[in-house]
Amino acid sequence: TSLLDGFQSAVDERQKDNETLIINIKKIVNIIIKDVRINKNNVAIRVLFETDQIKVLKDKNNVIIDGNPRKIIKVKDLWSFERNIASQNKNWTLIETATE
């Protein structure tokens with residue numbers, strides 16, 4: 001899937017550059033269902049996750065090159081999930097992520 005490929009590409013690039021990304025979610029502020037769409041047996045749902053987090057990117061020498069380990073930032077991520085409601089599998093598939 002293209003979503004998985006995008007995540008893997010970002011991880012591979014950081015590994016190639018010997019960088020480490022640290023994301024520490026301090027608090028889940030809100031979870032909001034933005035919309036639900038039904039098309040025959042397929043259901044799609046978009047969920048907004050509002051979090052307080054610390055993000056830090058370090059280089060191969062453990063030196064911070066982006067972010068601040070003492071600064072909490074507000075992050076709004078919109079995740080889209082879907083599943084076939086006729087399926088016995090109750091798992092939802094993450095199909096898209098975006099920053100709002």
What are the two closest non-hydrogen atoms of [X] and [Y], and how far apart are they?
X   : Y   : answer
P69 : I64 : CD-CD1, 3.5 Å
N41 : A86 : ND2-CB, 3.6 Å
D77 : T99 : OD1-OG1, 3.5 Å
R70 : N68 : N-OD1, 2.8 Å
W92 : R83 : CE2-CD, 3.2 Å

Q: Going by the side chain to side chain contact (heavy atoms under 4.5 Å, CB included) test, name the single residue among I54, D52, T51 that passes it with I25.
A: T51
**Q.** V11 and Q15, any side-chain heavy atoms less than 4.5 Å apart
**A.** yes
Q. What do you reckon, is CD1 of I38 surrounded by more than 12 foreign heavy atoms closer than 6.0 Å?
A.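 No, not enclosed.
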Q: Answer yes or no: are there more than 12 heavy-atom neighbours, outside I22 itself, under 6.0 Å from its atom CD1?
A: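 Yes, the 6.0 Å shell around CD1 holds more than 12 heavy atoms from other groups.
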First locate atom [atom1] of [X], then atom [atom2] of [Y], and finally report the distance between them rounded to the nearest 0.5 Å.
X   : Y   : atom1 : atom2 : result
E82 : N39 : CD    : CG    : 10.0 Å
D59 : R14 : CG    : CZ    : 14.0 Å
K27 : K74 : NZ    : NZ    : 6.5 Å
K58 : N18 : NZ    : CG    : 14.5 Å
E19 : E13 : CD    : CD    : 8.0 Å

Q: Could you pull out all residues at least two apart from N89 that satisfy side chain to side chain donor-acceptor pair (under 3.5 Å)?
A: N91
Q. Looking at residues at least two apart in the chain, or sitting in another chain, which of them share a side chain to side chain donor-acceptor pair (under 3.5 Å) with R46?
A.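 For R46, the residues satisfying side chain to side chain donor-acceptor pair (under 3.5 Å) (neighbours in sequence not counted) are D35.
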Any chain of hydrophobic side-chain contacts (each under 4.5 Å) joining [X] to [Y]?
X   : Y   : value
L94 : V75 : no
I23 : L57 : yes
W79 : I45 : yes
I95 : V36 : no
V56 : I72 : yes

Q: Start with the C-alpha gap between N30 and L48, add the side-chain angles, then the distance that decides, and say whether side chain to side chain contact (heavy atoms under 4.5 Å, CB included) holds.
A: CA-CA 8 Å; N30 216 347; L48 178 66; over 6 Å; no
